[in-house]
Amino acid sequence: MKFAITDVFLFWWPVTVRMPDPEKAGKIVEQSFEAQFEALNEDQAHEIDAAFRNLESEEERRAHQHDVLRRVTKDWRGVLGADDKDQPFTSEAFDLCLKQGWFRAGMYEAYRQAMAAEEQGDGPTAKN
């Protein structure tokens, strides 16, 4: 594959969410889906960082602490709603998921792996 220059680079990447097993006490289950991310360039990443640093109150920082995930996540596939049907990607559904620490951990790890050009499972949080 040849390298192509583009202003916006979108790609699909697998996300694994490790969370408590609802049936087995003390056990972890892995649930997977794919997220479509946008690769931020250096300038865009600095803009997000600067905007966060300029927030004045702790309340503002809490409200915007995951803006990078909101900015880079464009879609998902393989996510089910409460009715066991495909859940369309919406900002409301995404914000609901962001309230769970294990979802955020899976998303941040997936984006980190993609931006570091690591195959899934090769990073520092990979299960051995």
Side-chain angles (χ1 to χ4, degrees):
M1 173 181 262
K2 293 184 178 184
F3 181 77
I5 298 172
T6 179
D7 286 341
V8 177
F9 183 74
L10 299 175
F11 60 93
W12 289 95
W13 199 263
V15 177
T16 301
V17 176
R18 299 183 78 239
M19 56 193 286
D21 187 321
E23 304 295 326
K24 298 177 185 169
K27 299 295 180 184
I28 299 295
V29 296
E30 291 185 353
Q31 297 180 348
S32 299
F33 64 97
E34 292 180 344
Q36 185 183 47
F37 291 119
E38 178 181 343
L40 294 182
N41 66 39
E42 189 174 359
D43 293 339
Q44 293 166 323
H46 287 305
E47 284 176 20
I48 291 173
D49 288 342
F52 186 78
R53 283 192 308 273
N54 289 332
L55 297 173
E56 294 184 10
S57 72
E58 185 62 29
E59 184 178 328
E60 287 178 310
R61 285 188 285 279
R62 265 196 311 276
H64 293 279
Q65 65 183 339
H66 303 297
D67 280 358
V68 68
L69 281 181
R70 289 182 182 96
R71 170 70 171 77
V72 301
T73 308
K74 302 302 182 185
D75 200 357
W76 60 29
R77 55 189 180 200
V79 175
L80 300 178
D83 59 0
D84 282 338
K85 295 182 180 175
D86 284 340
Q87 172 66 51
F89 181 82
T90 64
S91 60
E92 294 82 13
F94 190 65
D95 282 344
L96 181 63
C97 292
L98 283 176
K99 292 180 180 183
Q100 295 296 336
W102 47 75
F103 177 83
R104 292 189 310 268
M107 289 293 290
Y108 278 117
E109 177 62 10
Y111 190 70
R112 186 205 63 76
Q113 285 177 344
M115 296 309 292
E118 294 178 4
E119 293 287 335
Q120 185 188 31
D122 289 344
T125 63
K127 189 173 91 176
N128 294 331

Completion exercise
With sequence neighbours left out, the residues meeting ring-ring contact (aromatic ring centres under 6.0 Å, His included) with Phe9 are Phe11
Exercise for the section: Could I get the full list of ring-ring contact (aromatic ring centres under 6.0 Å, His included) partners for Phe94, not counting sequence neighbours? Expected result: Phe89, Phe103
Completion exercise
Contacts satisfying side chain to side chain donor-acceptor pair (under 3.5 Å) that involve residues 78-94 (not counting sequence neighbours) are none
Problem - With sequence neighbours excluded, residues passing side chain to side chain donor-acceptor pair (under 3.5 Å) with Glu34 - result: Arg77
Problem - Qualifying residues under side chain to side chain donor-acceptor pair (under 3.5 Å), relative to Asp67, sequence neighbours excluded - result: His64, Arg70
Do [X] and [Y] have side chains that approach each other closer than 4.5 Å (heavy atoms only, starting at C-beta)?
{"X": "Val17", "Y": "Phe33", "value": "yes"}
{"X": "Phe37", "Y": "Leu10", "value": "no"}
{"X": "Tyr111", "Y": "Val15", "value": "no"}

When rounded to the nearest 0.5 angstrom, what is the spacing between [atom1] in [X] and [atom2] in [Y]?
{"X": "Met107", "Y": "Leu98", "atom1": "CE", "atom2": "CG", "answer": "7.5 Å"}
{"X": "Gln113", "Y": "Met115", "atom1": "CD", "atom2": "CE", "answer": "13.0 Å"}
{"X": "Thr6", "Y": "Asn41", "atom1": "OG1", "atom2": "CG", "answer": "11.0 Å"}
{"X": "Ile48", "Y": "Arg71", "atom1": "CD1", "atom2": "CZ", "answer": "5.5 Å"}
{"X": "Arg53", "Y": "His46", "atom1": "CZ", "atom2": "NE2", "answer": "9.0 Å"}

Practice task
Give the intermediate values and the outcome of side-chain contact (heavy atoms from CB on, under 4.5 Å) for residues Val72 and Leu40.
Solution key: CA-CA 7 Å; Val72 301; Leu40 294 182; 3.4 Å; yes
Practice task
Say whether, by atom type as modelled, one donor and one acceptor occur between the side chain of Gln100 and the main chain of Cys97 under 3.5 angstrom.
Solution key: no
Practice task
Answer yes or no: is there a donor N or O on one side and an acceptor on the other, between the side chain of Arg18 and the main chain of Glu30, under 3.5 Å?
Solution key: no
If you look at every heavy atom in [X] and [Y], which pair is closest and at what distance?
{"X": "Gln44", "Y": "Ala39", "value": "OE1-O, 4.1 Å"}
{"X": "Pro20", "Y": "Val29", "value": "O-CG2, 4.0 Å"}
{"X": "Trp76", "Y": "Pro88", "value": "NE1-C, 3.6 Å"}
{"X": "Ala110", "Y": "Pro14", "value": "CB-O, 3.5 Å"}
{"X": "Arg61", "Y": "Phe52", "value": "O-CE1, 3.3 Å"}

Exercise for the section: Indicate, with yes or no, if Trp102 and Leu69 share a hydrophobic cluster defined by side-chain heavy-atom contacts under 4.5 Å among Ile, Leu, Val, Met, Phe, Trp and Tyr. Expected result: yes
Handout entry: More than 12 heavy atoms from other groups under 6.0 Å of CD on Glu58
Key = yes
Problem - ILVMFWY clustering at 4.5 Å (side-chain atoms), partners of Met1 - result: none
